[in-house]
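Before any comments, here is the structure.
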Number of protein chains: 2
Amino acid sequence: MSPRYVDREKKRQKIVRAALALFSRQGYAATSVGCIAIEAEVGKGTIYEYFSTKGDILVAAVMEWIRKLEMRYLKHLETIEDPVERLKAFVEMSMDLVDPLDQGTARLSIDVLQHTLLQSGALYKRRHLMKEIHTGMRKMVINILLEGISSGAFRPEVAREAEKIAINLLGYLDGISLHYLISENDFDIREQIRFSLQNVIRMIAADPAAGTDSVSATPGF
Amino acid sequence: MSPRYVDREKKRQKIVRAALALFSRQGYAATSVGCIAIEAEVGKGTIYEYFSTKGDILVAAVMEWIRKLEMRYLKHLETIEDPVERLKAFVEMSMDLVDPLDQGTARLSIDVLQHTLLQSGALYKRRHLMKEIHTGMRKMVINILLEGISSGAFRPEVAREAEKIAINLLGYLDGISLHYLISENDFDIREQIRFSLQNVIRMIAADPAAGTDSVSATPGF
DNA sequence: GCGCAAACCGACTGATGGGTCAGTTCCGGC
DNA sequence: GCCGGAACTGACCCATCAGTCGGTTTGCGC
């Protein structure tokens, strides 16, 4: 009575990773459980030893994806001292997700949206997870702002509006990225974001000149 | 030899409307052609007298949806003279699509995104249509800006950046709306947009006081 | 009222794919 | 070496649904 040993957590990971790869390549709907099994090099039945429904695989895959992204953000940001540069870095990382036109990110995002908003979606009953992710990102931005205030880089009054600024910034980044994906190369997303960020920084910076190079008096969003 | 007469265009409309209602209520994937037939009060076979695939129905429904939206925008905007008010009205209309938490709009938008971005999507081969829609909206905003400049409400330098401003504004509106739908009531979208718009207006207005009520010196996005 | 073709219909088909389960393999302990 | 049970497997089951097709209804012209 000593059963065969196997690192279940590791195998689970393998399945999740395979699923994530396929979801981002083909989308959730177009990926069958059989496909995932092949990609993960296990039998289809085995999948169901680790997950009870296809939807559960999606949930696990999405959490894995987000977790990695967050780690990347945090790791990169903590190497940067200057608050203004930090804010720029944050924005740039978001851009990097889509700018070398990466439809994988888009496909994942859209599947997440769909399954969060549809009653029949796999994430619908776990909307709180999505909320928490947003809250996490929001806190990241708020932190940058508050630390910028502490260091004197941003104006103290910013504190009062930090949350609003964060919410708007995150909304903007997602929105412009989506539009970019649809419009393909119709506009230069980096220039758009630079333009926008420049204005944000000019508004929140203690030193009005902080708005980087070529600070024309151009108005902006 | 005189066949039975029927207003094909009208019946087609009926099907499209039924489909649109169901798509916005349940999403495209969860809506079967049989369902559409019932909602439209026709036989399933009849549907295929008017459309050759389910995807074609989606295309028609989306175009109908957008057409109506655009009409509503144009009709409402032309009643407003003042450029600042016009810009505000434009933004407010966008908000009205989601604020009394309307997930129908979201479901439609997401289906559109999905089918535009996925190779297997019904709109993939007609991405140009989606682009054109974006271009149309963009032109609407640019027009407001340019007319505002003509009338002296906005600063002349705005002209140079009008397109960038429009692109960013539209991206922002879509993004913040999506976040709002996911976060449910986590933030006050109207306040967020008011905050953002206030700053935009302050930047582009010729008269710095145009930024409406309570123009604190708060920075913003 | 009759002929005819357009319009309509819903039962049927074929394919797809999520989920199951009976059987097999594997491994550690004795 | 053989027992037990966990781990694994893929053929199978079954629900769903897009799309088809043979048959029916409708209403205009004569």
Side-chain angles (χ1 to χ4, degrees), chain A residues 1-19 22-23 25-61 111 114-115 118-125, chain B residues 1-20 22-23 25-62 111 114-115 118-125:
Chain A
M1 62 177 71
S2 72
R4 171 179 174 188
Y5 165 78
V6 122
D7 188 341
R8 286 185 72 82
E9 197 43 51
K10 211 164 186 173
K11 181 151 282 191
R12 198 186 139 93
Q13 273 281 324
K14 198 177 178 189
I15 295 170
V16 168
R17 277 196 232 285
L22 289 171
F23 291 161
R25 206 182 309 149
Q26 324 168 332
Y28 175 79
T31 303
S32 69
V33 176
C35 263
I36 297 172
I38 291 167
E39 177 87 6
E41 295 171 301
V42 296
K44 186 176 165 185
T46 306
I47 301 261
Y48 286 91
E49 296 274 334
Y50 292 84
F51 301 91
S52 51
T53 67
K54 188 187 174 191
D56 282 355
I57 306 176
L58 179 66
V59 175
D111 277 331
Q114 189 141 70
H115 287 267
L118 253 70
Q119 235 116 18
S120 54
L123 292 163
Y124 185 77
K125 272 177 292 187
Chain B
M1 58 178 70
S2 70
R4 173 177 171 191
Y5 166 78
V6 122
D7 187 342
R8 287 185 71 83
E9 198 41 52
K10 209 163 188 173
K11 181 150 281 188
R12 199 185 139 94
Q13 274 281 324
K14 198 177 178 189
I15 295 169
V16 168
R17 276 196 232 284
L20 191 56
L22 289 171
F23 291 160
R25 207 183 307 152
Q26 325 168 330
Y28 175 79
T31 303
S32 68
V33 176
C35 263
I36 298 172
I38 291 168
E39 177 87 7
E41 296 173 300
V42 296
K44 188 178 167 187
T46 306
I47 301 258
Y48 286 91
E49 296 275 333
Y50 292 84
F51 301 92
S52 52
T53 68
K54 188 186 174 191
D56 282 356
I57 306 178
L58 179 65
V59 175
V62 169
D111 277 331
Q114 188 141 72
H115 287 267
L118 253 72
Q119 235 116 17
S120 54
L123 292 163
Y124 185 75
K125 274 176 292 188

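Residue numbering restarts at 1 for every chain, and letters A, B, ... go by the order of the sequence lines. Note: hydrogens, waters and symmetry copies are ignored here, and every other heavy atom, side chains too, is used.
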Pair A:His115 and A:Tyr124, ring centroids less than 6.0 Å apart |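 Not close enough - the centres of the two rings lie 6.0 Å or further apart.
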
For [X] and [N], what is the distance between atoms [atom1] and [atom2] respectively, to the nearest whole Å?
X	N	atom1	atom2	result
A:Phe51	D:dC8	CZ	P	13 Å
A:Gln26	C:dG17	CD	C1'	14 Å
A:Ile38	D:dG10	CD1	C1'	11 Å
B:Glu41	C:dC9	CD	C1'	15 Å
A:Tyr48	D:dC8	OH	P	16 Å
B:Lys11	C:dA7	NZ	P	10 Å
A:Asp56	C:dG18	CG	C1'	13 Å
A:Asp7	C:dC26	CG	C1'	16 Å

First of B:Glu49 and A:Ala29 reached from the 5' end of DNA chain C, by closest nucleotide =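 In this pair, the answer is B:Glu49.
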
First of A:Ser32 and A:Gly45 reached from the 5' end of DNA chain C, by closest nucleotide =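 In this pair, the answer is A:Ser32.
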
Do B:Glu41 and B:Lys14 pass the salt bridge (Lys or Arg N to Asp or Glu O under 4.0 Å) test, and can you show the C-alpha distance, the side-chain angles, and the key distance before you say yes or no?
-> CA-CA 9 Å; B:Glu41 296 173 300; B:Lys14 198 177 178 189; 3.5 Å; yes

Among B:Asp111, B:Leu58, B:Ile36, which residue meets the side chain to side chain contact (heavy atoms under 4.5 Å, CB included) test with B:Thr31?
->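 That would be B:Ile36; it is the only one of B:Asp111, B:Leu58, B:Ile36 passing the side chain to side chain contact (heavy atoms under 4.5 Å, CB included) with B:Thr31.
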
Closer than 4.0 Å, any side-chain N/O of A:Tyr50 to the OP1 or OP2 of D:dA7?
->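 Checking A:Tyr50 against D:dA7: no side-chain N or O falls below 4.0 Å of OP1 or OP2.
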
Answer yes or no: does a side-chain N or O of A:Lys44 lie under 4.0 Å from OP1 or OP2 of D:dT9?
->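 No, no such contact exists.
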
Reckon A:Thr46 touches a base, only the sugar-phosphate, or nothing at all at heavy-atom distances under 4.0 Å?
->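 Since a base atom lies under 4.0 Å of A:Thr46, the category is base.
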
With heavy atoms under 4.0 Å as the rule, sort A:Ser52 into base, sugar-phosphate or nothing.
->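 No contact at all - A:Ser52 keeps every heavy atom at 4.0 Å or more from the nucleic acid.
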
In terms of side-chain heavy atoms of A:Val33, which of D:dA18, C:dG18, D:dT9 is nearest?
->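 The closest nucleotide is C:dG18.
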
Is the shortest side-chain N to carboxylate O distance from A:Arg25 to A:Glu39 below 4.0 Å?
->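 Looking at A:Glu39 together with A:Arg25, the answer is yes, because their closest N to O distance falls below 4.0 Å.
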
Any donor-acceptor pair under 3.5 Å linking the side chain of B:Lys44 with the backbone of B:Cys35?
->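 Absent.
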
